[in-house]
Protein chains: 2
Amino acid sequence: MFTLDSSETTNPSEPIARRVVRLLRHAIVTMRIRPGEKLSEQETAKRLGVSRQPVREAFIKLAEAGLVLILPQRGTLVVKISVAAVENARFIREAIECAVVREAVRRKDRDALDVARGVLDETARAIVTGDAERLFELDEEFHRALAAAAGRPDAWRVVEEQKAQMDRVRYLDMTDAIPMRIVLAQHLAILDAIEAGDAELAERELRAHLREILVSLPKLAARWPTLFEAPAAAAPTPTAGDA
Amino acid sequence: MFTLDSSETTNPSEPIARRVVRLLRHAIVTMRIRPGEKLSEQETAKRLGVSRQPVREAFIKLAEAGLVLILPQRGTLVVKISVAAVENARFIREAIECAVVREAVRRKDRDALDVARGVLDETARAIVTGDAERLFELDEEFHRALAAAAGRPDAWRVVEEQKAQMDRVRYLDMTDAIPMRIVLAQHLAILDAIEAGDAELAERELRAHLREILVSLPKLAARWPTLFEAPAAAAPTPTAGDA
DNA sequence: AAATTCATACTTCCATACTAGTGTTCCGAC
DNA sequence: GTCGGAACACTAGTATGGAAGTATGAATTT
């Protein structure tokens with residue numbers, strides 16, 4: 001379930017549809033709406049005090065990001081976390097961000113890199129104060145800053161959509177007291193390498209950073225089996241398993 | 001302008017909204033709706049004989065693909081071809097497809113690679129018969145087959161959306177009697193390198209293939225200036241140009 | 001003549017009504 | 001008890017009505 005009617009930043013000029021998207025995405029990523037849970041345009045609209053129309057548009061957007069599954073004439077449900085889907089998203093993200101990092105090295109955009117540096121400074125401060133929500137945002141902002149430094153803001157938009165798949169895993173990892181210090185260290189290593197003009201090193205550091213999720217992923221899947229899609233069994237039918 | 005009410009494959013079970021998307025995308029890519037042209041939900045709905053609702057959803061999807069621009073309360077228009085946007089899309093596409101090709105080399109999925117080979121065989125035949133529309137599709141199918149061979153069908157979906165930006169340029173290039181034989185040769189070189197297990201070569205061939213558009217792009221922009229977004233001038237105001 | 005105001009004709013956005021398809025459940029026949 | 005079936009309670013998909021905002025142009029004033 002998810003409450004929320006007018007909390008959050010309720011900018012009156014922002015279109016309702018966009019607000020609903022932000023709302024639902026956040027509720028899904030933080031798992032206030034649990035994986036597998038059923039939604040419906042009608043029900044969601046009533047709960048949020050809006051009409052079905054903007055809710056429907058939000059569902060479509062979330063479906064494109066792979067967070068919900070719309071079954072025509074049947075219903076809409078929050079998809080369970082899929083190890084395969086996370087891996088696929090990670091693959092795409094790694095491909096794009098590697099190219100971004102190399103481009104950032106080539107461009108040497110001092111101002112843009114300073115912005116990224118500033119994000120890491122704030123990250124260090126947020127670690128001290130323990131502001132988990134803010135750390136989430138700062139992680140995102142760092143990667144966005146890299147894309148900006150590469151002169152490819154569009155690339156970040158693509159990564160952002162893929163990242164939605166990984167965000168719930170990140171969230172689980174965070175509740176598990178993830179060592180944000182390690183993430184910061186990796187970010188620093190990437191930025192240092194870029195500023196040093198070492199594309200090879202920057203790419204290696206980035207790959208290492210993005211592959212962190214691969215070690216935590218199976219652990220988390222084992223720990224919260226109800227949140228994850230059951231992996232495709234070797235036997236065709238999951239009920240009857242003959243060896 | 002664009003006619004079309006029930007031509008195309010008119011599958012009655014397919015949702016109207018999806019059909020409208022396909023329809024409009026095709027009309028835009030083939031420039032039966034010209035870059036810069038104004039659209040409206042009302043007008044388009046009437047022309048297609050459907051209600052505004054599915055048309056609106058189609059507009060939103062096309063806006064996400066960067067083909068149209070929705071100005072709230074003002075109108076919707078087909079965006080002009082932007083050299084910068086095409087270049088950005090190409091960058092993202094190159095990043096993803098390079099990773100795909102390397103993965104395809106790693107996996108050595110014989111069956112999937114045979115499918116890709118089959119696509120190229122048919123391409124050769126289509127060149128003889130001069131079926132331009134089919135060549136368009138086959139180009140797409142080859143790249144999709146590579147993604148399948150890499151076990152990353154999701155990656156193709158992302159590339160597909162980016163490719164929309166490049167499709168109008170491809171279309172112009174085709175009317176300009178593009179040597180499809182060259183494209184086929186490049187495709188063959190890529191596939192040969194993959195089958196030979198040479199990742200480095202496969203990636204080089206792919207990059208060369210995807211960079212072809214960079215040579216034709218400025219020529220086309222100069223040739224059809226009305227179809228292209230005016231490049232950002234060095235001077236702030238485009239009207240007053242002082243040298 | 002030039003500038004400003006105001007009515008009008010658009011636009012997208014949101015709300016609501018209706019259609020068609022799906023799953024469930026309860027009732028009855030066997 | 002088991003199976004079949006029809007009525008019902010949902011769902012998303014589509015159509016349409018109304019509201020808020022914007023550009024346009026004519027009429028009026030300066």
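Below, read A as the first sequence line, B as the second, and so on, with proteins coming before strands; counting in each chain starts at 1. Just so you know, these numbers use all the heavy atoms, side chains as well, and skip hydrogens, waters and symmetry mates.
For B:Val50, taking side-chain heavy atoms from C-beta onward, the closest of the listed nucleotides D:dA15, C:dC14, C:dT22 is D:dA15. Looking at the side chain of B:Arg52, the nearest of the listed nucleotides C:dC13, C:dT11, D:dG13 is C:dC13. Minimum atom distance to the side chain of A:Ser51 is reached by C:dT16, of the listed D:dA12, C:dC13, C:dT16.
What separates CD of B:Glu57 from C1' of C:dT12 is a distance of 14 Å, to the nearest Å. Across the protein-nucleic acid pair, B:Ile70 atom CD1 and C:dC13 atom C1' stand 11 Å apart, rounded to whole Å. Summarising the geometry, the separation between CD on A:Glu41 and C1' on D:dT14 is reported as 11 Å, rounded to the nearest angstrom. Summarising the geometry, the separation between CG on B:Leu77 and P on D:dT22 is reported as 16 Å, rounded to the nearest angstrom. For A:Lys46 and C:dT16, the NZ to C1' distance is 15 Å, given to the nearest whole Å. What separates CD of A:Glu14 from P of D:dA20 is a distance of 19 Å, to the nearest Å. One interatomic measurement links the two molecules: CG of B:Leu48 to C1' of D:dT14, which rounds to 14 Å at whole-angstrom precision. Rounded to an integer number of Å, the gap from B:Gln53 CD to D:dG13 C1' is 8 Å.
Side chain B:Arg18 to base D:dG13: no donor-acceptor pair is found below 3.5 Å. Interface remark: the B:Gln73 side chain does form a donor-acceptor pair with the C:dT12 base, using a distance-only criterion of under 3.5 Å.
Formation of a donor-acceptor pair under 3.5 Å by the A:Glu97 side chain with backbone atoms of A:His143 is not found in this model. Between the A:Glu37 side chain and the A:Arg34 main chain, a donor and an acceptor come within less than 3.5 Å of each other.
Salt bridge annotation for B:Arg170-B:Asp139: present, with a cationic side-chain nitrogen under 4.0 angstrom from a carboxylate oxygen.
Among A:Arg56, A:Lys46, A:Arg47, the single residue meeting the salt bridge (Lys or Arg N to Asp or Glu O under 4.0 Å) criterion with A:Glu41 is A:Arg56.
In terms of position along DNA chain C, the nucleotide closest to A:Pro54 lies nearer the 5' end than the nucleotide closest to the other residue of the pair A:Pro54 and A:Arg74.
Here B:Ala17 lies in heavy-atom contact (under 4.0 Å) with sugar-phosphate atoms only.
Looking at B:Phe91 and A:Glu103, their side chains come closer than 4.5 Å, going by heavy atoms from C-beta outward.
Within the structure, a side-chain polar atom (N or O) of B:Arg56 is placed less than 4.0 Å from OP1 or OP2 of C:dC13. Between C:dT12 and B:Thr76, a contact under 4.0 Å exists linking OP1 or OP2 to a side-chain N or O.
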